[in-house]
Amino acid sequence: MTVLVTLGCWSEGVVQVNEKTMRALMRNARDVAAVVAPDGSLSYVGEAAARVLGYSSDRLIGTQLIDHAHPDERDEVRRRIAARLIAPASVSSPAVFRFRHADGRWRWVEAVSNNQSDDPDIGGVVLNVRDVTEQLDTAERLRVSEARYQTLAETAPVGIFQTDSAGEVIFANARFASIAGLTLEQLLGSGWLDAVHPQDRAQVEADWRGGLDRGAAAAPLLLDFRFHDAAASVDMRVLCQRVPLEGDGGFIGTITDVSEYVRTANALLLSEARNKATVDTAADAILTMDDDDCVVSFNRAAEEMFGVAAPDILWNRLDSLFPAAQLRETDGQRFEFPPGQTTAVIARSRSIEARRVDGTVFPIELSVSASEVEGRRFYTGILRDVTERRRAEQEMIAAREAAEAADKAKSVFVATVSHELRTPLNAVIGFAQLLEMKQGEPTTELYPDYVRSIRQSGEQLLSIIDDILDITRIQTGRLELMETPLDLDALVTQAVSDMSFVANHSAVRLDVQVDETLPPIRGDERRLRQALCNLISNGVKFSHPNDVVTVSAGRDADGWVTLVVRDTGIGLDPANIPRVTVPFVQLDQSMARRFDGLGLGLPLAHRLVEAHGGSLTIESQLEQGCAVTIRLPPERVLSLDDLLR
């Protein structure tokens, strides 16, 4: 078969195309030209086939067209060729089918046919074949992409929209419509603004219109507003983000329903505020530590307890306050949760020592709970300062011991006072019986001695009873002082005179040293003399025979009046000095003790001096004697004007 080509030459500016020129043009053509004979074979194939289909013209000429078509499409190709052969000469519509490339791959081709079977130079159907594989692949990818985008847009949990350059909505997904409470048709254009809360609409519309004129150069827009459903009286908080699209001048954006988030956030804030208020108003200190021993919470009570502000201790290690191991260990072992458990109480009422920022150490009572959140452990401690409780417990113990000691002392006192009362009473009764037995007999020289002994025993009994009554009055607050001006020189002289009999009986000498310039004072003469006599009596009692007890009176440089009773007797252990001023206490409480007495001398003197606003102090060492000093305040010293009033 011969392919019809126009042959010619150059003449008068008209290009004459010969066969050689035609072949050159067909070789560079984008399409492959071919002729299909009535029997379906290829009678001509252009040289472009080598470039487009990978075959040389010689390999294709003489082969059946349908042999190169995909098996699924051969019947259609055969039908179209047969139909074209009986059709009049005209160009058909494009037909697309797959053609096997020389490398074995299937290529999509688009063919346009023209029946030229009546032309003896052609004698078949002329095909123009173009490789459209890439175009179809691109179209398919675009279709898949659009389908994917459509699926994503419709299944996305957020509203998605697209606008034109004027900001009018041209596309919106179903979620946008659901959030706004409108239909898709109502959303288009500016209809979505109708769902915006009336209080937010003006601001939203102004922000929405801003930047539209800048097109692709517009900055991304972020809006926070409410949609309002008037029918349901429901407000929905949303977050809208809009960004410009490249090229077409429109915008794309999302609408996110953040109502639940806002409610959750508000509930969380409310819960945190309530918890913080509860924790901050708690009387006990509460703190939380993470697994790295860093403090993550610290309430106000903890600030007051440790003397440090929360910002200064947060995210710092706990060991500066007390050992962190006390929070995360139990019985010396690091606490571990049982399987499946995330909260537990580690310790209740654990007593430890803590340290304030100023270095002060104090006792606390600690209860600890542990929790685990997303693999991270936290330890919460509730701390109570038990300093006052410990002090109260110690005071209670001391009070109990004191009460027990007082009960014991009173028991001893009862036994002692019985002994002390019995001695003079026995003397009184004994001498009275002697006198009774000698009734009617002539008076003898012994009678005055008997009477004197009865009087002295009675006075001794009266002194014991007076001391008991006085100490009772002082303890009950009913002691009243009869204050008058008094001469200390005379007071000391009288007290020494009163105690001279006792001193002589014990072979102890009394020495008096009184400052002649000592001024008169104001006080209860009987009570002060009673206190001084008690001190002299003790000095004599605890002195050795032939010792000297010195009684002195003077005035200190600070104006205080001093009375000192000093002996060189057996003395006291300094540790026992506080005890000797406690009523009813005797250091030797055995019935076989060396020294008699009720143990009221020093306590009574001490309280009588305190009743005058003064003080009584004792200085002593064992076997080195004892010095007891009475000090009376300067305001008791009387001036001449005071005496003349």
Tell me whether R209 at atom CZ has more than 12 heavy atoms from other residues, nucleotides or ligands lying less than 6.0 Å away. yes
For L222 and L239: C-alpha separation, side-chain torsions, deciding distance, then whether side-chain contact (heavy atoms from CB on, under 4.5 Å) applies. CA-CA 7 Å; L222 187 64; L239 195 64; 4.0 Å; yes
Student check: side-chain heavy atoms of R389 and E393 closer than 4.5 Å: yes
With a 4.5 Å heavy-atom cut-off, do D194 and Q186 have their side chains touching? no
Any non-hydrogen side-chain atom of L327 less than 4.5 Å from a side-chain atom of L287? yes
Decide side-chain contact (heavy atoms from CB on, under 4.5 Å) for T133 and R105; before the verdict, give the C-alpha distance in whole Å, the side-chain angles of both, and the deciding distance to 0.1 Å. CA-CA 11 Å; T133 303; R105 293 178 299 163; over 6 Å; no
Heavy-atom nearest pair, G123 first then P38, reads O-CD, 3.5 Å
Here the gap from E205 atom CD to L223 atom CG, rounded to the nearest 0.5 Å, amounts to 11.5 Å
side-chain contact (heavy atoms from CB on, under 4.5 Å) between L42 and I61, intermediate numbers included: CA-CA 5 Å; L42 294 169; I61 293 174; 5.5 Å; no
Can you name the closest pair of heavy atoms from G210 and R242 and give their distance? O-NH2, 3.4 Å
Okay, side chain of E168, backbone of S190: is any donor-acceptor separation there less than 3.5 Å? yes
Donor-acceptor pair, distance only, cut-off 3.5 Å: does the side chain of T163 make one with the backbone of G250? no
Among D293, D290, D319, which one satisfies salt bridge (Lys or Arg N to Asp or Glu O under 4.0 Å) with R328? D293
Side chain of W208, backbone of G167: donor and acceptor closer than 3.5 Å? yes
For L318 versus V295, what's the shortest heavy-atom pair and its separation? CD1-CG2, 3.7 Å
Could you tell me how the ring of W192 sits relative to the ring of F225: parallel (under 30°), tilted (30 to 60°) or perpendicular (over 60°)? tilted
What heavy-atom pair brings V238 and D257 nearest, and what distance separates the two atoms? CG1-CA, 4.3 Å
Is any side-chain heavy atom of R100 closer than 4.5 Å to one of Y55? yes
Closest non-hydrogen atom pair between A285 and M305, with its separation: CB-CE, 3.7 Å
Measure the shortest side-chain to side-chain distance between F306 and F362 over non-hydrogen atoms and say whether it is less than 4.5 angstrom. yes
Under 4.0 Å between a side-chain nitrogen and a carboxylate oxygen: does that hold for R377 and E336? yes
Measure the OG-CG distance between S178 and L184 for me, rounded to the nearest 0.5 Å. 10.5 Å
Would you check if the side chain of S41 reaches a backbone N or O of A37 as a donor-acceptor pair within less than 3.5 Å? no
State, with a plain yes or no, whether a side-chain heavy atom of F322 is found less than 4.5 Å away from one of L383. yes
To the nearest 0.5 Å, how far apart are CD1 in I122 and OG in S117? 9.5 Å
Under 3.5 Å donor-acceptor, S259 side chain and R237 backbone: yes
Checking S92 side chain against S113 main chain: does a donor-acceptor pair fall under 3.5 Å? yes
With a 4.0 Å cut-off on N to O distance, would you call D291 and R334 a salt bridge? yes
Between D385 and T387, a side-chain donor and acceptor under 3.5 Å: yes
Salt bridge or not between R391 and E388? Use side-chain N to carboxylate O under 4.0 Å. yes
Passes salt bridge (charged side-chain N to carboxylate O under 4.0 Å, His left out), R300 versus E303? Steps please. CA-CA 5 Å; R300 291 182 182 175; E303 291 180 320; 5.5 Å; no
Applying side-chain hydrogen bond (donor to acceptor under 3.5 Å, both in side chains), name anything that partners T288, two or more places apart in sequence or on another chain. S297, T380
So, taking the atom named CG in N173 and the one named CD1 in I255, what distance separates them when rounded to the nearest 0.5 Å? 10.0 Å
Do D284 side-chain atoms and R384 backbone N/O form a donor-acceptor pair below 3.5 Å? no
Side-chain (E73) to main-chain (R98) donor-acceptor, under 3.5 angstrom: yes
Enter the distance from W108:CH2 to D131:CG here, rounded to the nearest 0.5 Å. 12.0 Å
How many angstroms lie between OG in S165 and CZ in F251, if you round to the nearest 0.5 Å? 8.0 Å
Any side-chain heavy atom of R79 within less than 4.5 Å of one from E76? yes
Nearest heavy-atom approach of R201 to L193 is NH1-O, 3.5 Å
Donor-acceptor pair, N114 side chain versus V126 backbone, under 3.5 Å? no
Do the charged groups of D358 and R356 touch, with an N to O distance under 4.0 Å? no
With side chain to side chain contact (heavy atoms under 4.5 Å, CB included) as the test, pick out the partner of L127 among L65, V35, V32. L65
Worked check of salt bridge (charged side-chain N to carboxylate O under 4.0 Å, His left out) between D292 and R317: CA-CA 8 Å; D292 294 326; R317 294 182 65 83; over 6 Å; no
side-chain contact (heavy atoms from CB on, under 4.5 Å) between V196 and F227, intermediate numbers included: CA-CA 4 Å; V196 177; F227 278 130; 3.9 Å; yes
I'd like to check E134 versus D137 (side-chain heavy atoms, cut-off strictly below 4.5 Å). Are they in contact? no
Could you tell me which residues satisfy salt bridge (Lys or Arg N to Asp or Glu O under 4.0 Å) with R74, sequence neighbours excluded, listed by chain and number? none
Where the side chain of Q241 meets the backbone of T254, is there a donor-acceptor pair that is under 3.5 Å apart? no
